[in-house]
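Notes to accompany the following structure.
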Protein chains: 2
Amino acid sequence: MRDVANWNVPIPLLNKQATLHDVARAAGVSKSTVSLVLQGRSSVSAKTRDQVLAAIESTGYVYNRKAAALRQAQRNDLIGVIVNELNTPYSGEVLSQIEKVCFQQNLVLMFASSSDLCEKQERLVQLYMEHKVGGFILCPAPYTDRTWLERIWSSGFPLVQIMREVSFSQLPVVIADNRQGAYEAVKHLIQLGHQKIAFVGGSEEISDYQERLAGYMTALNEAGIRVPAQYICPIPQSRQAGRDGLKTVLAYDSRISAVFCFSDLVAYGVFSMAREMGIQIGKDLAVVGFDDLEDSHITHPALTTVRVEANQYAIEAMNLLRVYQHDRQAPVVRRVVPARLIIRESCGAPQQFV
Amino acid sequence: MRDVANWNVPIPLLNKQATLHDVARAAGVSKSTVSLVLQGRSSVSAKTRDQVLAAIESTGYVYNRKAAALRQAQRNDLIGVIVNELNTPYSGEVLSQIEKVCFQQNLVLMFASSSDLCEKQERLVQLYMEHKVGGFILCPAPYTDRTWLERIWSSGFPLVQIMREVSFSQLPVVIADNRQGAYEAVKHLIQLGHQKIAFVGGSEEISDYQERLAGYMTALNEAGIRVPAQYICPIPQSRQAGRDGLKTVLAYDSRISAVFCFSDLVAYGVFSMAREMGIQIGKDLAVVGFDDLEDSHITHPALTTVRVEANQYAIEAMNLLRVYQHDRQAPVVRRVVPARLIIRESCGAPQQFV
DNA sequence: AACGGATTTTGGAACGTTCCAATTGACAAA
DNA sequence: TTTGTCAATTGGAACGTTCCAAAATCCGTT
């Protein structure tokens with residue numbers, strides 16, 4: 001033991017991390033006893049526990065979960081979350097809720113976005129498997145292979161799909177009631193007297209688009225309204241999709257009086273383009289969104305939209321994951337979170353609707 | 001070896017995860033050899049390598065990074081990221097960029113938000129330490145204790161502060177040029193002829209607020225303009241802050257003709273309230289934001305704002321972290337990412353400015 | 001003082017890797 | 001055949017925990 005003069009270094013570095021063994025030595029007990037204290041077992045006498053706690057404090061010991069996890073392979077406090085894109089407000093809300101739930105349950109979240117690329121998604125899953133996560137929450141990328149997904153499950157990792165689903169996969173999923181939400185939105189427009197209703201935004205490869213489209217069609221069919229294929233204009237990039245989409249559908253038929261948007265983000269784009277074209281939202285053109293982002297009640301006019309509670313996703317998905325972690329044979333469920341229409345001003349609905 | 005009939009279970013579960021040992025046995029080599037193959041060492045003959053790869057394939061082996069990390073404590077591909085709040089667009093952009101950089105470098109991200117609570121922040125840091133992350137990227141919560149922060153560093157975990165900094169801490173930080181950005185924004189307003197300029201939003205405990213305030217004051221002082229304290233109206237909750245803040249400052253002095261907002265989100269709130277009050281943005285009232293969110297160019301009118309590139313934060317922070325991981329004695333730096341004024345329409349600036 | 005039973009503590013194997021030193025094998029040169 | 005060299009392979013210790021069975025200690029009864 002010797003002192004090293006290093007006045008130049010502003011913050012001294014500890015030379016080595018203390019281990020259980022060091023703590024044990026400092027407390028004058030065996031490492032088994034320290035382990036018992038750390039696990040809060042009652043079989044330790046108050047006196048030795050205090051000694052051990054003091055030793056932990058004085059050595060600056062930090063528990064090593066890697067070593068612990070190696071021994072007891074069953075316990076695991078890691079959750080791998082893979083969403084399509086982080087940098088979109090709705091994913092942010094969902095992720096933020098998942099994070100909240102994880103924190104409450106003392107779980108640690110490993111997260112990344114697949115950018116809707118299967119290849120990236122596969123690499124991420126592989127990486128998380130190597131880290132031995134206790135389960136996956138996954139928003140599957142378009143064209144995700146069903147058998148690949150099932151292989152994850154069968155090789156021992158519980159998995160819950162979220163927001164989207166891979167068709168025919170026998171795996172649990174938490175998904176919004178896209179069809180019903182879209183149906184109600186479009187029915188609302190029809191009730192307000194609209195006949196020429198476009199559907200703008202979204203991309204055809206993902207399940208939620210298909211479902212919202214189905215809801216849109218159902219509402220129109222019920223009312224006996226037929227729409228030309230050109231009224232339906234899927235474009236992936238949300239805000240820009242709204243701008244381009246509105247232009248496109250109006251170019252096809254300038255009598256279109258209402259637009260059902262795939263998402264609120266698309267609706268913002270529609271707002272933007274409408275203003276440029278001198279169209280007044282809520283008067284000349286009715287607009288409905290989907291998601292109910294935080295900004296949607298302060299847009300002008302306030303956006304009528306379909307709300308899907310982001311925290312429902314998070315809570316249901318985490319609950320399900322817990323179930324499968326404890327019982328891999330538990331029945332596979334498909335949980336639907338409700339979607340409900342929030343009527344504001346962008347459809348020019350009269351006050352009594354609100 | 002015997003077959004088990006389980007027609008009822010839709011997806012079969014593997015009974016046990018294969019280990020290096022299993023692969024070795026399947027390939028007819030020793031576990032050391034398998035390890036060499038996994039690490040891509042050249043000392044393995046092509047023939048045995050192929051055997052091993054085939055065995056990995058057939059056993060469905062998944063590398064166990066926990067066990068590996070236990071042995072070679074120096075290498076580490078985990079990064080702990082703690083931001084104040086995920087569910088705000090700017091954090092989302094920054095986090096999304098960090099995630100991108102991590103993926104490129106094959107790093108895994110553990111992330112959570114502190115909700116600006118010191119207590120939560122401390123628990124998270126503790127948890128991540130127990131997982132032996134290779135470093136922290138931290139947006140410090142208000143009132144973060146300097147010595148606590150430095151203790152993280154000195155107990156062996158490199159740490160880079162991001163977006164905010166704890167005053168007097170001797171730790172690296174990547175921060176926006178808040179002062180200069182605010183200065184330019186306010187100077188722009190002054191050049192357009194505004195004299196009564198309010199500063200709305202933000203909260204006083206965080207460093208970036210202080211810096212933006214300083215920039216605002218400098219610009220006003222340089223122009224010889226004095227503002228009453230009531231022109232400055234900090235409120236934390238962004239969108240609502242914009243709404244309440246505008247109301248408050250206008251109630252104090254209705255001649256206020258320009259508002260410098262702490263963030264774009266605050267500006268959105270100002271837009272919303274202004275519309276409610278019948279004030280026309282860009283004509284009756286000039287508004288400048290800070291951040292340049294994606295929505296800010298499609299607001300109406302398009303928002304003049306100070307842009308700070310989110311990916312600059314990410315790239316610089318990750319680069320710095322790498323440096324300190326390799327050399328704990330590397331000089332502690334304070335890296336400033338530029339903030340530049342983007343002139344759009346919300347100040348009513350004439351075209352030639354754009 | 002010896003005993004029994006409960007309480008508290010402990011040594012050591014195990015988890016799945018890496019890495020070192022040692023061993024084996026092949027082959028050319030003596 | 002022996003020797004030396006080099007390449008390829010291997011056994012086993014180590015990493016820092018947990019957990020089991022066994023040991024040690026305590027304490028109230030005989």
Side-chain angles (χ1 to χ4, degrees), chain A residues 14 16-53 55-56 59-78 127 129-134 155-156, chain B residues 14 16-53 55-56 59-78 127 129-134 155-156:
Chain A
L14 259 50
K16 202 158 176 292
Q17 298 248 16
T19 74
L20 259 198
H21 205 87
D22 301 320
V23 175
R25 201 168 28 199
V29 296
S30 76
K31 62 186 166 46
S32 306
T33 307
V34 180
S35 178
L36 291 176
V37 171
L38 284 175
Q39 287 169 88
R41 299 296 186 83
S42 57
S43 72
V44 191
S45 75
K47 191 176 133 243
T48 37
R49 186 170 49 245
D50 290 347
Q51 279 173 26
V52 169
L53 291 176
I56 287 174
T59 52
Y61 169 76
V62 179
Y63 185 68
N64 187 337
R65 280 174 194 266
K66 278 194 181 136
L70 189 56
R71 187 69 229 281
Q72 40 171 35
Q74 71 282 12
R75 300 220 182 295
N76 203 329
D77 64 344
L78 285 178
L127 208 53
M129 280 179 157
E130 294 181 358
H131 279 280
K132 306 294 170 192
V133 295
S155 59
Chain B
L14 260 51
K16 202 160 176 293
Q17 298 247 14
T19 73
L20 260 197
H21 205 86
D22 301 320
V23 175
R25 200 168 29 202
V29 296
S30 76
K31 62 186 164 49
S32 305
T33 307
V34 179
S35 177
L36 292 176
V37 171
L38 285 175
Q39 288 168 90
R41 299 297 184 85
S42 58
S43 71
V44 191
S45 76
K47 191 178 132 235
T48 38
R49 185 169 52 244
D50 289 347
Q51 279 173 29
V52 169
L53 291 176
I56 287 175
T59 52
Y61 169 76
V62 179
Y63 184 67
N64 187 337
R65 279 174 194 265
K66 277 191 183 140
L70 189 57
R71 187 69 230 279
Q72 41 171 41
Q74 71 281 13
R75 300 223 181 293
N76 203 330
D77 63 344
L78 284 179
L127 208 55
M129 279 179 158
E130 294 182 356
H131 279 280
K132 306 294 170 193
V133 295
S155 58

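Letters go in sequence order (proteins before strands), and every chain restarts at 1. The shown structure was predicted, so the numbers you read here are calculated from the model rather than taken from an experiment. All heavy atoms count here, side chains included; hydrogens, waters and symmetry mates do not.
- Each of B:R41 and B:A67 has a nearest nucleotide on DNA chain C; the 5'-most of these lies closest to B:A67.
- Looking at the side chain of A:Y63, the nearest of the listed nucleotides C:dT10, C:dT9, D:dT18 is D:dT18.
- With distances taken from any side-chain atom of A:K31 to the nucleotides D:dA13, D:dG16, C:dA13, the minimum falls on C:dA13.
- In this structure, B:L70 places its CG atom 17 Å from P of C:dA14, rounding to the nearest Å.
- Note that CG of B:D77 and CD of A:E130 are 9.0 Å apart. Values are rounded to the nearest 0.5 Å.
- The residue B:R49 sits apart from the nucleic acid: no heavy atom pair falls under 4.0 Å.
- Considering only side-chain N and O atoms, B:S35 lies under 4.0 angstrom from the phosphate OP1 or OP2 of C:dT18.
- At the phosphate of D:dT9, OP1 or OP2 sits under 4.0 Å from a side-chain N or O atom of B:S45.
- Checked by atom type and distance alone, the side chain of B:N64 never pairs as donor or acceptor with a backbone atom of B:T19 at under 3.5 Å.
- Across the protein-nucleic acid pair, A:R71 atom CZ and D:dT18 atom P stand 10 Å apart, rounded to whole Å.
- Taking NZ of A:K66 as the reference point, atom CG of A:L70 lies at 11.5 Å (rounded to 0.5 Å).
- Expressed to the nearest 0.5 Å, how far OH of B:Y63 lies from OG of B:S35 amounts to 7.0 Å.
- The separation between A:L20 atom CG and D:dA14 atom P is 18 Å, rounded to whole Å.
- Atom CE of A:M129 and atom P of C:dT17 are 15 Å apart (whole Å).
- Inter-axis angle, ends of the helix from C:dA1-D:dT30 to C:dA30-D:dT1, five pairs per end, rounded to 10 degrees: 70°.
- Taken to the nearest 0.5 Å, the OG atom of A:S45 stands 7.5 Å off from the CD atom of A:Q51.
- Spacing between atom NZ of A:K66 and atom P of D:dG16 amounts to 12 Å, rounded to whole angstrom units.
- The base of C:dG11 does not come close enough to the side chain of A:S30 for any donor and acceptor atom to sit less than 3.5 Å apart.
- Phosphate proximity of C:dC19 to B:Q72: present, with a side-chain N or O under 4.0 Å from OP1 or OP2.
- Atom P of nucleotide D:dT10 and atom CG of B:L36 are separated by 10 Å, given to the nearest angstrom.
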Output side-chain donor-acceptor pairs under 3.5 Å for residues 24-34 of chain B, partner residues at least two apart or in another chain, one line each.
unit_1 : atom_1 : unit_2 : atom_2 : d
B:R25  : NH2    : B:D22  : OD1    : 2.8
B:S30  : OG     : B:S32  : N      : 3.4
B:S30  : OG     : B:T33  : N      : 3.4
B:S30  : OG     : B:T33  : OG1    : 3.2

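- Contact check, B:T33 against D:dT10: a side-chain N or O comes under 4.0 Å of OP1 or OP2.
- Here the NE2-NE2 distance, from A:H131 to B:H131, works out to 11.5 Å after rounding to the nearest 0.5 Å.
- Atom CD in B:Q39 sits roughly 9 Å away from atom C1' in C:dT17 (whole-Å rounding).
- A:L127 contributes atom CG, which lies 5.0 Å from atom CZ of B:R65 (distance to the nearest 0.5 angstrom).
- Proximity of A:S43 to the phosphate of C:dT9: no side-chain N or O atom is located under 4.0 Å from OP1 or OP2.
- At whole-Å resolution of the value, CG in A:L38 and P in D:dC19 are 12 Å apart.
- Looking at heavy-atom distances under 4.0 Å, A:S32 makes contact with a base.
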